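Note sheet for the following structure.
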Amino acid sequence: MEQRHLGRTGLRVSRIGLGTLTWGRDTDEHDAAELLKVFWEAGGTLVDTADVYGDGEAEYVLGQLIEGLVPRRDLVISTKAGSVPDPDRRFDGSRGHLLSALDASLARLGTDYVDLWQVHAFDPHTPLEETLQALDLAISTGRARYAGVSNFCGWQLAKAATWQLSAPGPRTRIASTQMEYSLLQRGVEREVLPAALDLGVGLLPSSPLGRGVLTGKYRNGTPVGSRGASEHLAPFVAPYLDGTASGIVDAVQTAADGLAVAPLQVALAWIRDRPGVAAPIVGARNAQQLTAALSVETLSLPDEICRALDDVSAPVHHYPDQDWSTL
């Protein structure tokens with residue numbers, strides 16, 4: 001699999017990443033082992049997790065598979081910290097919480113360091129400088145090799161990345177931002193992506209298949225056993241089962257028919273090759289789904305199909321996202 005630099009850093013990652021959102025909950029250790037082995041054998045390196053996935057079980061399962069199944073040196077392990085199960089405060093970006101969470105992650109993963117450590121979300125109750133200091137400390141103590149953020153809007157990302165580039169003292173560059181991005185969700189193109197491109201931050205799209213909807217599996221209803229039929233994941237899928245999404249899914253299917261490939265491959269190739277994208281994170285349920293996703297490695301969409309998909313999924317951008325002098 002082709003490797004790409006993550007933002008303006010020396011870290012190289014496979015241009016498709018493996019997500020672990022369901023590991024330890026819907027995906028047991030046996031299935032996780034099969035997924036990781038298929039991914040590794042295809043040349044995949046970037047494995048993405050978080051301390052809250054499965055209440056820590058995702059990290060634990062991944063940790064059990066490292067070395068015994070796949071050499072640690074062959075993986076780029078990314079995890080996140082900052083989300084908390086507190087209805088009054090969903091995110092905690094304080095230095096104390098973040099560094100304690102990182103230590104707990106390392107213990108579950110059974111490793112001395114993570115390759116990429118990301119702040120899971122912006123915490124409006126903690127000074128951003130304090131949150132960023134936690135990243136610097138993680139790097140300086142060797143517990144993380146690179147640092148990033150996740151779910152930061154445009155101004156938050158720009159402020160964080162600029163602070164790290166300009167503040168006095170040894171600072172670590174923001175290498176990445178992980179955001180939902182797909183043909184069904186192009187909101188990052190308004191401000192996040194321009195900021196990332198300007199500041200040399202690599203974009204890691206989550207839910208690149210529109211929470212599974214872009215595969216076309218929901219065109220004729222909700223299949224039994226799908227995430228849309230799952231009690232705890234159905235609300236996650238539901239927003240993309242509307243008429244607007246249906247038109248985009250139909251366009252993807254038309255493109256897939258014309259190229260004699262699967263809709264999944266079309267949707268994934270489109271997002272993989274967008275400007276600024278380092279590696280879409282794919283959360284497959286089983287090895288068969290993952291193998292289908294990894295087959296996109298040999299596919300590059302023709303320009304006319306990319307333009308058609310761009311047009312049918314184009315988000316509405318008005319003032320001030322476009323040149324206001326022309327409006």
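Everything quoted here is computed from the prediction, not taken from an experiment.
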Counting heavy atoms not belonging to Asp112, are there more than 12 under 6.0 Å from its CG?
-> no

Within 45° of the axis and under 6.0 Å from the centre of the six-membered ring of Tyr113, does NZ or CZ of Arg145 qualify?
-> yes

NZ/NE/NH1/NH2 to OD/OE distance under 4.0 Å, Asp55 and Arg25 | no

Any side-chain hydrogen bond (donor to acceptor under 3.5 Å, both in side chains) involving residues 64-75? Give me the pairs, sequence neighbours left out, ordered by first then second residue.
-> Trp40-Asp74, Arg72-Thr111, Arg72-Asp115

Arg190, CZ: over 12 other non-hydrogen atoms inside 6.0 angstrom = no

With no hydrogens and no angle check, is any side-chain donor or acceptor of Ser246 less than 3.5 Å from a backbone partner on Asp242?
-> no

Short question: side chain of Ser182, backbone of Gln185 - any donor-acceptor pair under 3.5 Å?
-> yes

Please write out which residues are connected to Leu11 in a hydrophobic cluster, directly or through intermediates, given that two of Ile, Leu, Val, Met, Phe, Trp, Tyr count as joined at side-chain heavy-atom separations below 4.5 angstrom.
-> Leu6, Val13, Leu46, Val76, Leu116, Tyr146, Leu204, Ile281

N/O donor-acceptor pair under 3.5 Å between Thr215 side chain and Gly212 backbone | yes

So which heavy atom on Phe122 is nearest to which on Phe152, and how close?
-> N-CE1, 3.3 Å

Would you say Gln288 has more than 12 foreign heavy atoms packed within less than 6.0 Å of its CD?
-> no

Atom of Ile139, atom of Ala147 and distance for their closest heavy-atom approach = CD1-N, 4.2 Å

Would you call Asp136 and Arg173 a salt bridge, taking side-chain N to carboxylate O under 4.0 Å as the test?
-> no

Can you check whether Arg143 reaches Val114 side chain to side chain, under 4.5 Å on heavy atoms?
-> no

Is it true that a side-chain atom of Glu130 and a backbone atom of Thr126 form a donor plus acceptor pair closer than 3.5 Å?
-> no

Write out all pairs satisfying salt bridge (Lys or Arg N to Asp or Glu O under 4.0 Å) with one or both partners inside residues 192-212, taking only residues at least two apart or from two chains.
-> Glu180-Arg211

Can Glu34 and Lys37 be counted as an ion pair, charged N to O under 4.0 angstrom?
-> no

Between Ser94 and Asp92, does a side chain to side chain donor-acceptor pair (under 3.5 Å) hold up when you go through it step by step?
-> CA-CA 6 Å; Ser94 67; Asp92 188 345; 2.8 Å; yes

Is a salt bridge present between Glu57 and Arg108, judged by a nitrogen-to-oxygen distance below 4.0 Å?
-> no

Just by distance, do the side chain of Arg285 and the backbone of Leu290 share a donor-acceptor pair under 3.5 Å?
-> no

Donor + acceptor pair across side chains of Asn151, Gln156 (<3.5 Å) = no

Do Lys80 and Asp48 meet the salt-bridge criterion of a basic N to acidic O distance under 4.0 Å?
-> yes

Residue Tyr60 excluded, over 12 heavy atoms near OH under 6.0 Å | no

Quick one: do Asp123 and Arg90 make a salt bridge, cutoff under 4.0 Å?
-> no

May I ask you to decide if Val277's main-chain N or O and Arg4's side chain share a donor-acceptor pair within less than 3.5 Å?
-> yes

Check step by step if side chain to side chain donor-acceptor pair (under 3.5 Å) holds for Thr172 and Gln164.
-> CA-CA 6 Å; Thr172 183; Gln164 292 301 93; 5.6 Å; no

His120 side chain to Ser150 side chain, donor-acceptor N/O pair below 3.5 angstrom = no

